[in-house]
Amino acid sequence: MYYVYITASISRVIYVGITSSLYNRIKQHKAGEDPKAFTTRYKVNRLVYYETYKDVYDAIEREKQIKRWSRKKKINLIESVNPKWNDLSIEPMFDKPSQH
């Protein structure tokens with residue numbers, strides 16, 4: 001499985017990414033191991049949106065599509081499923097790496 005995801009900071013700085021392990025990737029964002037990384041510098045470590053794909057090429061295409069969108073369109077996408085911008089990575093089901 002592949003995941004296209006959006007993380008955000010408390011102040012709603014947005015990052016769009018792709019991964020084959022959403023659980024591990026979000027753990028990396030939260031750890032902030034690379035001080036030069038965009039997500040570390042701006043504390044963009046709250047999972048606010050994700051989509052699942054079986055085909056890596058479909059996931060890559062979707063990530064590129066979302067990255068080209070305006071900020072407003074990205075916000076609308078997030079708020080269509082997560083209007084309060086809750087951190088989805090703190091949901092109980094997210095604690096199981098085998099599911100994500």
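Quantities reported herein were computed from a predicted structural model and do not represent experimental measurements.
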Polar side-chain atom of [X] near backbone of [Y] as donor-acceptor pair, under 3.5 Å:
| X | Y | result |
| --- | --- | --- |
| Asp87 | Leu47 | yes |
| Lys30 | Asn45 | yes |
| Arg25 | Thr19 | no |

Close side-chain approach of [X] and [Y], heavy atoms under 4.5 Å:
| X | Y | result |
| --- | --- | --- |
| Leu88 | Tyr50 | yes |
| Arg62 | Glu51 | yes |
| Ile6 | Leu77 | yes |
| Arg46 | Thr7 | no |
| Asn86 | Val48 | no |
| Tyr2 | Asp55 | no |
| Ile18 | Tyr3 | no |

Over 12 foreign heavy atoms within 6.0 Å of [atom1], [X]:
| X | atom1 | result |
| --- | --- | --- |
| Lys43 | NZ | no |
| Tyr57 | OH | no |
| Tyr15 | OH | yes |

- Check against side-chain contact (heavy atoms from CB on, under 4.5 Å), Arg71 and Ile75: CA-CA 6 Å; Arg71 176 175 172 78; Ile75 288 170; 3.8 Å; yes

Distance from [X] atom [atom1] to [Y] atom [atom2], nearest 0.5 Å?
| X | Y | atom1 | atom2 | value |
| --- | --- | --- | --- | --- |
| Ser70 | Asn76 | OG | CG | 7.5 Å |
| Gln65 | Lys73 | CD | NZ | 6.5 Å |
| Lys72 | Glu79 | NZ | CD | 9.0 Å |
| Ser9 | Arg41 | OG | CZ | 13.0 Å |

- Report the C-alpha distance between Ile78 and Trp85 in whole Å, list the side-chain angles of each, state the deciding distance to 0.1 Å, and finish with yes or no for side-chain contact (heavy atoms from CB on, under 4.5 Å). CA-CA 7 Å; Ile78 294 164; Trp85 293 59; 3.7 Å; yes

- Would Val4 and Ile60 satisfy side-chain contact (heavy atoms from CB on, under 4.5 Å), going step by step from the backbone distance to the final call? CA-CA 8 Å; Val4 175; Ile60 291 168; over 6 Å; no

[X], [Y]: one ILVMFWY side-chain cluster at the under-4.5 Å cut-off?
| X | Y | value |
| --- | --- | --- |
| Ile26 | Ile10 | no |
| Tyr5 | Val81 | no |
| Ile66 | Ile14 | yes |
| Trp69 | Tyr53 | yes |

- Passes ring pair (Phe, Tyr, Trp, His ring centres under 6.0 Å), Phe38 versus His29? Steps please. CA-CA 10 Å; Phe38 175 84; His29 284 306; 9.8 Å; no

- Item | side chain to side chain contact (heavy atoms under 4.5 Å, CB included) involving Lys67 - partner list, sequence neighbours excluded |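 Per chain and number, Lys67 pairs via side chain to side chain contact (heavy atoms under 4.5 Å, CB included) with Val16, Glu63.
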
